[in-house]
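Okay, structure first, notes after.
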Amino acid sequence: MAKLGHEVVAVDVDHERIAVLAAGRAPFFEPGLPELLTESLATGRLSFTTEIQDVAGADVHFICVGTPQLEAEFAADMRFVDAAFEDLMPHLRPGSVVAGKSTVPVGTAERLAARLGEAAPGATLVWNPEFLREGFAVKDTLHPSRMVYGVPEGDDGARAIAILDEVYAATLADGTPLVVTDYATAQLVKVAANSFLATKISFINAMAELCEVTGADVKALADAIGHDDRIGRKFLNAGLGFGGGCLPKDIRAFMARAGELGADQTLTFLREVDSINTRRRVRMVTLAREELDGSLDDKRIAVLGASFKPNSDDVRDSPALDVASQLQLQGAVVTVTDPHALANAKAKNPLLTYVARTEEAVADADLVMLLTEWDEYVALDPRKLAGIVSGRRILDGRNALDRAKWRDAGWSYRALGRH
Ligand code: UDX
């Protein structure tokens with residue numbers, strides 16, 4: 001927002017995070033973010049605070065807090081959205097616009113708008129979902145694929161649209177498509193998009209299961225069906241499946257919400273999407289055991305990648321970390337490496353062994369497993385690694401390696417959905 005020319009005050013209850021940001025450091029790994037932060041702080045248009053009253057003068061308030069999955073349920077934990085909203089309310093004035101960015105169960109905006117009507121008359125709520133991908137957050141924010149405004153009917157809605165158009169003037173001038181709609185649709189767009197993406201991944205992973213029993217090749221299959229532009233090749237990469245802080249919890253929260261709305265049958269297919277996804281992790285462990293002659297006991301396994309995807313240090317619901325933990329629980333001696341996610345991985349699973357250098361991780365390994373397709377792992381030279389491992393066995397959990405190159409260098413190469 002500061003890059004777009006606005007004056008921005010960012011508030012959070014986490015003092016440490018705010019201190020790090022105010023010092024110009026990004027609190028997580030995200031390509032391009034440190035540069036953007038430095039550039040924006042230097043303009044004087046961006047500041048950070050833990051004091052909610054510092055936002056009182058703003059015209060537009062964005063609520064961007066998380067909605068993680070509840071501990072023992074599928075539903076989303078709404079405590080952070082509700083707390084941010086309640087904290088903000090005393091500082092609103094007639095004409096203020098509150099824009100919800102968080103991914104929420106449909107019906108939340110309607111509930112919050114009613115609360116706003118009681119406690120901050122004259123302020124307007126809009127729902128403005130966020131579609132950025134980790135690893136591409138800067139690009140996706142400055143050049144989004146589309147924008148959605150969910151607004152109330154009447155004059156309040158029209159005023160809010162005009163204000164958001166001003167906020168996003170530069171983005172709209174770029175030709176970014178805009179959909180203006182009601183609250184319910186705007187909230188559904190986000191979960192529908194993520195459910196579709198998750199379904200696409202699980203579809204190709206189901207095909208991978210069939211490829212495994214028929215001898216077919218899921219990569220060639222994805223290429224061939226992807227040439228049909230009604231299907232498209234994107235998000236058809238078979239492998240370990242989806243993880244992260246969005247797709248898994250969003251499809252579960254969506255199922256939970258559909259149940260509450262009396263439409264539980266509608267989304268039962270997402271249960272299958274979820275179980276195909278988790279089955280891939282189990283299959284990966286089975287493949288490892290097969291490669292190691294039927295037993296994981298005391299076998300040395302090098303795991304390349306801990307984050308849920310490349311170019312992120314996020315380990316939330318990371319398929320790689322999950323598989324690494326399973327292998328260890330089943331008796332293997334596992335060493336995990338990752339270019340950026342080691343600190344987060346250690347905090348999440350302190351029992352695994354972590355090393356910073358790839359060579360150190362694979363030294364004397366009986367089996368090497370590529371579980372997150374960071375560029376540097378995809379570019380590894382199998383001839384060089386051949387000299388330091390104990391057994392030339394590689395499992396490609398992301399169908400990212402050049403199979404012929406590894407086999408030519410004398411490795412046993414196996415992957416999900418390919419032979
Ligand atoms: C996702 C949505 O893409 C984004 O629009 C939304 O705002 C937030 O959720 P993100 O969680 O950053 O973004 O990751 P994404 O790039 O969607 O990948 C999710 C997972 O799917 C990763 O674990 C990735 O490895 C996996 N994936 C992706 C596949 O297994 N195969 C694919 O073909 C694509």
Side-chain angles (χ1 to χ4, degrees), residues 28-33 64 66-69 76 100-104 128-141 143-148 186-209 218-219 221-223 225-226 231-254 273-274 276-281 283-284 304-323 338 341 370-375 377-378 396-400 415-417:
F28 47 80
F29 177 76
E30 181 61 47
L33 184 59
C64 311
T67 51
Q69 187 177 336
K101 283 240 157 246
S102 308
T103 303
V104 293
N128 178 215
E130 178 53 59
F131 304 106
L132 70 80
R133 297 160 296 170
E134 292 182 29
F136 300 91
V138 172
K139 178 177 168 280
D140 286 354
T141 304
H143 307 284
S145 51
R146 76 292 209 186
M147 267 187 309
V148 176
Q187 294 163 92
L188 277 175
V189 168
K190 176 60 192 262
V191 277
N194 276 358
S195 298
F196 191 84
L197 294 173
T199 303
K200 210 171 170 191
I201 298 168
S202 278
F203 176 84
I204 200 66
N205 282 334
M207 295 304 110
E209 289 185 347
V218 75
K219 215 167 169 176
L221 177 83
D223 289 342
I225 64 172
I231 297 173
R233 181 62 177 81
K234 287 181 185 161
F235 269 67
L236 280 185
N237 293 322
L240 256 192
F242 58 85
C246 294
L247 263 42
K249 66 101 179 160
D250 284 353
I251 61 169
R252 291 171 196 153
F254 201 15
V273 166
D274 205 1
I276 292 167
N277 194 52
T278 42
R279 273 209 304 270
R280 295 285 74 192
R281 304 180 188 189
R283 173 71 184 151
M284 201 70 217
L304 307 182
S307 57
F308 84 103
K309 69 172 192 180
N311 301 313
S312 166
D313 64 358
D314 195 343
V315 298
R316 286 177 294 172
D317 205 343
S318 163
L321 210 51
D322 200 8
V323 167
D338 189 285
L370 175 90
L371 301 187
T372 313
E373 70 280 30
W374 288 91
D375 283 348
Y377 301 148
V378 176
D396 182 358
R398 292 292 179 180
N399 280 312
L416 294 166

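We're numbering straight along the sequence, starting at 1. Remember, it's 1-based here, ligands and their atoms both numbered in the order they're listed. Values reported hereafter were calculated over all heavy atoms of this structure, with side chains retained and with hydrogens, waters and symmetry mates removed. Keep in mind that this is a model prediction, so the values were computed, not measured.
- Here salt bridge (charged side-chain N to carboxylate O under 4.0 Å, His left out) pairs that include residues 194-203, with residues two or more places apart or in two chains, number zero.
- Protein neighbours of ligand 1 below 4.0 Å, counting non-hydrogen atoms: E130, F131, L132, R133, E134, K190, N194, L197, I201, F235, L236, N237, G241, F242, G243, C246, L247, F308, K309, R398.
- Within 6.0 Å of atom CZ in F203, 12 or fewer heavy atoms from other residues, nucleotides or ligands are found, so the atom counts as exposed in its surroundings.
- With sequence neighbours left out, the side-chain contact (heavy atoms from CB on, under 4.5 Å) criterion links A206 to I276.
- Looking only at distances, no side-chain donor or acceptor of S307 sits under 3.5 Å from a matching main-chain atom of A341.
- Residues that satisfy the ring pair (Phe, Tyr, Trp, His ring centres under 6.0 Å) test with F29, not counting sequence neighbours, are H340.
- Using modelled atom types, no side-chain atom of K249 and backbone atom of A76 make a donor-acceptor pair closer than 3.5 Å.
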